[in-house]
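To start, the structure itself, in structure tokens.
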Protein chains: 2
Amino acid sequence: MVTIYDIAKKADVSPMTVSRVINNSGKIRSTTREKVEQAIKELGYIPNSAARSLTSNQTKTLGLILTDISNPFFAKIARGAEDAAVATGYRVLMSNTDEDSVKEVNYIDMMISARVDGVLIAPTSDETISQINRLRQHNIPVVLIDRMIEGFEGDYVLGDSYEGSRKLVKHLIDYGHHNIALINGPSNVSTARERQRGYLETLKLNDLAVHDHYLSEIDFKSVQAGSAKDIVEQLMSLEKDKKPTAIFAANNFIAISVIKALKELGLNVPEDISVVCFDEVEPVVYFDPFFTVAAQPATEIGRIGTQFLVERVEHQNINQERKVVLPPDIFIRKSTRRL
Amino acid sequence: MVTIYDIAKKADVSPMTVSRVINNSGKIRSTTREKVEQAIKELGYIPNSAARSLTSNQTKTLGLILTDISNPFFAKIARGAEDAAVATGYRVLMSNTDEDSVKEVNYIDMMISARVDGVLIAPTSDETISQINRLRQHNIPVVLIDRMIEGFEGDYVLGDSYEGSRKLVKHLIDYGHHNIALINGPSNVSTARERQRGYLETLKLNDLAVHDHYLSEIDFKSVQAGSAKDIVEQLMSLEKDKKPTAIFAANNFIAISVIKALKELGLNVPEDISVVCFDEVEPVVYFDPFFTVAAQPATEIGRIGTQFLVERVEHQNINQERKVVLPPDIFIRKSTRRL
DNA sequence: AGATTTTATGTTACCGATAACCGTAAGCGC
DNA sequence: GCGCTTACGGTTATCGGTAACATAAAATCT
């Protein structure tokens, strides 16, 4: 392993001089600098980050805690985050909690142990606040992405679930739908709460009744499991005038699960029932845009979140909290039809 | 920052004893162990990985170099890799080369600087061999995933591009197609070469002529760019008896780009032309399986690759090279039709 | 009981880089 | 010519762990 000592010996200077050349600090005669740079090139020296971290107390590494990178929405967030990180000289440690708070705790431990300089996290639920506090006890700045936490103080970057939800439901109402069922994510996740709030308020504003049998909750993840099946069956077995003519799925995975369940019941979208959801269904959207969706700017969420995080890392004393809520784009496509 | 010295003072032992308790090494009296564990718990101590790395010369971190995590195929590889990594006590540093060899070099530098214990890489091209050698000069084991490199010695885990290609083309021939165009990835990537080899051999075995105008190359990435447009237009402007009745797109992104281009020409799939490709188009496949594809076991590729890598890192089975080529599943769906 | 081994723990040095401090020679002012 | 500043670069100590060696007390053997 080549170290600054090897370089120092080869260039016939002290290790400190080598360090100064590498970091461009202090005054170095140009002839000395060249000698050192030559030696570095010849020996192919690359600094040892671990050693640097020990003295500098920073790792130039950011932790990225998501629920599942194989969900295209989070993959895009990850991509945006990684791009912004390298652009500012940081590395990214990734992780997948699967919406599981136990896994989340373990990853937080990992991040603390790795001494990451900051953490970008999409929390599994409001309970995550205690883990965030743990990070902060270790002086690790945290920026929330995609999901808010009640009472959290600090920066966050989210999509506007409330507004997106309002527009989606409004669109359905404009299309003549009065019986709209919401299949929501877990209510201990902020995006689910906001989507429900938007749903309820829009119904009220349009003088439509709110029925309990139109409200249900399932997990945000797992397309394959087909977990929406029971709910869909129950909805479709309601009496004729109660039967929903439209379903609002809280995210893309739930929507897919819903369509699958409908198909198994012999029902077609949008002929028999309309479906809307949050988040694009990539990459199909590029050639066959099917779903009427509220598309969130995932890459942006990752990018901006990382920028905020890096700013926090590099200037501990940022006083104002930055709360960015990005509006989703509503795309009206083929999964909804006029009644 | 809580260190072993703080724990040592609190528990009234030496730092070394604390270290031994943490690592479960050496003999410790149970009463001493309890004292130390108590102190660790009370102060919320978590070991500093950087300091550990300095002496142990290992970081418990793996580098994952992919072309683009927002491609679902690579996202799945990443997921499989990360799962296998945590299961064996490693962290994962992720990166996106965008098929760009310059970015790739930078990431290799980053991995060396971070002193990762091993690297899992989907190389951008055969040129990457020099970067792999650089990693090896630094004693960093490398496992290839998804793509092979001519002359590479070591472990790799790939999908069987040749076999998948043969089956895809055979399927088209069985459906009566004789004019099959291949829109391939860059020929300096092994998967592209293997897919072309499978294509050519299958044509020959079935006594079909090979035409140069059916062979073209574009980038594996970028759905949005619509980069296949020119090629598709050229293909569809061939004289009637030369015009292809089927297109073999080398991967899912190219296929999407192809379908988009066809649509813009007013052509429908599969009515006007059949299309097949490599890799699933997720997550649509779960509710509306459209593409006839050769689906590669992406998660498995990531998982097995990581397992091999960890074994190499921990110096087991250093002698034999493991070359795993996983067969793809052929799914015949709606993008192909009998002629 | 004294010698020898074992057990449990402490001491020292070091991993590779760098902050803080120190030293020397050249440059400058009067 | 003397004192002082500036430029350049070396020395030392330290970051938080741990390997290697040292040592004291307890256990075992002769």
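Letters A, B, ... mirror the listed sequences (proteins, then strands); counts begin at 1. Being a predicted model, the structure only gives us computed values, none of them experimental.
Exactly one of Thr124(B), Val105(B), Thr128(B), Ile121(B) qualifies for a side chain to side chain contact (heavy atoms under 4.5 Å, CB included) with Thr97(B). That residue is Thr124(B).
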Between the protein and nucleotides 12-18 of chain D, list every N/O to N/O distance that falls short of 3.5 Å.
{"residue": "dG16(D)", "atom": "N2", "partner": "Ala51(B)", "partner atom": "O", "Å": "3.2"}
{"residue": "dG17(D)", "atom": "OP1", "partner": "Tyr45(B)", "partner atom": "OH", "Å": "2.9"}
{"residue": "dG17(D)", "atom": "OP1", "partner": "Asn48(B)", "partner atom": "N", "Å": "3.2"}
{"residue": "dG17(D)", "atom": "OP2", "partner": "Ile4(B)", "partner atom": "N", "Å": "2.8"}
{"residue": "dG17(D)", "atom": "O5'", "partner": "Tyr45(B)", "partner atom": "OH", "Å": "3.1"}
{"residue": "dG17(D)", "atom": "N7", "partner": "Tyr5(B)", "partner atom": "OH", "Å": "2.9"}
{"residue": "dT18(D)", "atom": "OP1", "partner": "Asn23(B)", "partner atom": "OD1", "Å": "3.4"}
{"residue": "dT18(D)", "atom": "OP1", "partner": "Asn23(B)", "partner atom": "ND2", "Å": "3.2"}
{"residue": "dT18(D)", "atom": "OP1", "partner": "Arg52(B)", "partner atom": "NE", "Å": "2.9"}
{"residue": "dT18(D)", "atom": "OP2", "partner": "Ser19(B)", "partner atom": "OG", "Å": "2.5"}
{"residue": "dT18(D)", "atom": "OP2", "partner": "Asn23(B)", "partner atom": "ND2", "Å": "3.0"}

Protein N or O to nucleotides 23-28 of chain C N or O, pairs below 3.5 Å:
none

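At a threshold of 4.0 Å, the pair Arg91(A)-Asp117(A) does not count as salt-bridged, since none of the basic side-chain nitrogens sits closer than that to a carboxylate oxygen. One finds no salt bridge joining Lys10(A) and Asp6(A) here, because no Lys/Arg side-chain nitrogen approaches an Asp/Glu carboxylate oxygen to under 4.0 Å. Electrostatic pairing of Arg322(B) and Glu311(B) counts as a salt bridge here, judged by a charged N lying under 4.0 Å from a carboxylate O. Using a cut-off of 4.0 Å between Lys/Arg side-chain N and Asp/Glu carboxylate O, Glu99(A) and Arg147(A) are scored as salt-bridged.
Residue Gln58(B) contributes atom CD, which lies 17 Å from atom P of dC15(C) at whole-angstrom precision. Atom CZ of Arg29(B) is separated from atom P of dA8(C) by 7 Å (rounded to the nearest Å). Per the geometry, NZ belonging to Lys35(B) stands 13 Å off C1' belonging to dG10(C), to the nearest Å. One can place NE2 of His138(B) at 13 Å from P of dG16(C), the figure rounded to the nearest angstrom. Nucleotide dT5(D) holds its P atom 16 Å from the NZ atom of Lys27(A), rounded to whole Å. Regarding Arg33(B), its CZ atom lies at a distance of 10 Å from the P atom of dT9(C), rounded to whole Å.
Residue Ser25(A) is classed as having no contact, given no heavy-atom separation below 4.0 Å to the nucleic acid.
Between Arg134(B) and Gln131(B), the side chains place a donor N or O and an acceptor N or O closer than 3.5 Å (distance only, hydrogens not considered).
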CA sep, side-chain torsions, deciding dist, call: Val13(B), Thr32(B), side chain to side chain contact (heavy atoms under 4.5 Å, CB included): CA-CA 8 Å; Val13(B) 295; Thr32(B) 310; 4.0 Å; yes

List the steps and the verdict of side-chain hydrogen bond (donor to acceptor under 3.5 Å, both in side chains) for Ser25(A) and Asn23(A). CA-CA 5 Å; Ser25(A) 60; Asn23(A) 297 289; 5.2 Å; no

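In this structure, Thr32(A) reaches the dG9(D) phosphate: one of its side-chain N or O atoms is under 4.0 Å from OP1 or OP2.
Of the possible polar contacts, one joining the Ser53(B) side chain to the Ser49(B) backbone as a donor-acceptor pair under 3.5 Å is found.
Here dG10(D) is the nucleotide among dT9(C), dG10(D), dA8(C) with the atom lying nearest to any side-chain atom of Thr17(A).
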